[in-house]
There are 2 protein chains.
Amino acid sequence: MGVTKTQIFDQQQNELAQFFKILGHPARIAILQYISKQNTCICNDLVEEIGLAQATISQHLKELKSIGLLKGEVEGKSMCYCIDVDRWNVLQKNLNSFFNTTKTNCC
Amino acid sequence: MGVTKTQIFDQQQNELAQFFKILGHPARIAILQYISKQNTCICNDLVEEIGLAQATISQHLKELKSIGLLKGEVEGKSMCYCIDVDRWNVLQKNLNSFFNTTKTNCC
DNA sequence: TTTTATTATCGTAATATTGCGATATTATAA
DNA sequence: TTATAATATCGCAATATTACGATAATAAAA
């Protein structure tokens, strides 16, 4: 036990859940908010700004990258992380579509 | 370790993350979709419909209730679960507000 | 080349989540 | 009252997540 039984759900349900899951951590919310506040891309002031260890921040960034919300470019010896606005908009749309189709027909 | 350090984030970040987290499981997505598909409220065809044990479904329902997305009423000896549309709309609004304010000002 | 700075990855400990059988609990039916 | 049916809760095993120190990898600077 302890494993999510993904095989009994369809792809749309699993993908939607995966996306929600990755947004379901305050550090990742904070990272996204901080990156968007800067008018330039972020490297790792995040470690100081947020107050988690460098390894931890790096791990959270990796997860955000895994659903395509962030893209990173090498900039000298640091990394420059950006929100992928196209991907961001697609996800927002999917998510609203879930909300709009699901709330109807309720008692 | 292993604990999310909620104390270093603000209330808005923690609440948003909590909300996303609860939606971050395919069974809970499937439950919401199934409930909304019925024009009457649901009791526990969910167990047959979804294919998880009764105890497991009950647990997922509890979590959905914890963020106010579902409300349950006793109906005879069974339970009648509904989506709380007001709460649903509030959460959708918060979510869009997060998406809209966060995507701007990116490089 | 050697140093330094930045980020990624590995390994591991602590805690959380998922899932389920067993057992309460609650409310109708007999 | 005694069954029966539906749901909730408890306790546990398996797995996942979170966090971090240590260390590797990479690239500029000395």
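Naming convention: chains lettered A, B, ... in sequence-line order (proteins, then strands); numbering from 1 in each chain.
Here the side chain of Val3(B) is nearest to one of dC20(C), dT15(C), dT7(C), namely dT15(C). Minimum atom distance to the side chain of Ser58(B) is reached by dT9(D), of the listed dC20(D), dT9(D), dG21(C).
dA19(D) atom P lies 11 Å from atom CD1 of Ile50(A), rounded to whole Å. The interatomic distance linking Ile8(B) (CD1) with dC20(D) (C1') rounds to 13 Å, in whole Å. The distance between atom CG of Leu61(A) and atom C1' of dC20(D), rounded to the nearest whole Å, is 16 Å. Counting to the nearest Å, the C1' atom of dT9(D) and the NZ atom of Lys62(B) are 7 Å from each other. Atom CD of Gln54(A) and atom P of dT6(C) are 10 Å apart (whole Å). If you measure from atom CZ of Arg28(A) to atom C1' of dT17(D), you get 9 Å, rounded to the nearest angstrom. Straight-line distance from the CZ atom of Phe20(A) to the P atom of dT17(C): 18 Å, rounded to whole Å. One atom, CD1 of Ile31(B), and another, C1' of dG19(C), lie 13 Å apart when rounded to the nearest Å.
Both Thr6(A) and Lys77(A) lie close to DNA chain C; mapped to their nearest nucleotides by heavy-atom distance, the more 5′-ward contact belongs to Lys77(A). Each of Val74(A) and Ala55(A) was matched to the nucleotide of DNA chain D holding its nearest heavy atom; the match closer to the 5' end belongs to Ala55(A). Take the nearest nucleotide of DNA chain D for Thr4(A) and for Thr4(B): the residue whose nucleotide is more 5' is Thr4(A).
Contact annotation: Tyr81(B) does not reach the phosphate of dA6(D) (side-chain N/O to OP1 or OP2, under 4.0 Å). Contact between the side-chain N/O atoms of Thr56(A) and the OP1/OP2 oxygens of dT18(D) is not found at any separation under 4.0 Å. The phosphate of dA16(D) (OP1 or OP2) has no side-chain N or O of Lys21(A) nearer than 4.0 angstrom. Put simply, His60(B) has no side-chain N or O that comes within less than 4.0 Å of OP1 or OP2 on dT17(C).
Classified by interplanar angle (parallel below 30°, tilted 30° to 60°, perpendicular above 60°), the ring pair His25(B)/His60(B) is tilted. Taking the six-membered ring for Trp and thresholds of 30 and 60 degrees, Phe99(A) and Phe20(A) have ring planes more than 60 degrees apart, a perpendicular arrangement.
A heavy-atom distance below 4.5 Å is found between the side chains of Ile8(A) and Leu52(B).
Remark: the Gln12(A) side chain and the Asn94(A) side chain contain no N/O donor-acceptor pair separated by less than 3.5 Å.
Note on Ser78(A): only backbone sugar-phosphate atoms sit closer than 4.0 angstrom, heavy atoms only; bases stay farther off. At the heavy-atom level, Ile57(B) lies nowhere under 4.0 Å from the strands shown.
Contact of Gln59(A) with dC10(C) (side chain to base): no donor-acceptor pair of N or O atoms is detected under 3.5 Å.
Axis orientation changes by 10° from one end of the helix from dT1(C)-dA30(D) to dA30(C)-dT1(D) to the other, with each end axis drawn from 5 pairs and the value rounded to 10°.
Not one N or O on the side chain of Arg28(B) forms a donor-acceptor pair closer than 3.5 Å with the backbone of Ala17(A).
The residue from Leu95(B), Thr102(B), Asn100(B), Asn96(B) that alone fulfils the side chain to side chain contact (heavy atoms under 4.5 Å, CB included) condition with Phe98(B) is Thr102(B).
Residue-environment remark: CD (Gln7(A)) exceeds the threshold of 12 foreign heavy atoms within 6.0 Å.
Pairing each heavy atom of Arg87(A) with each of Ile67(A), the nearest pair is NE-O, 2.7 Å.
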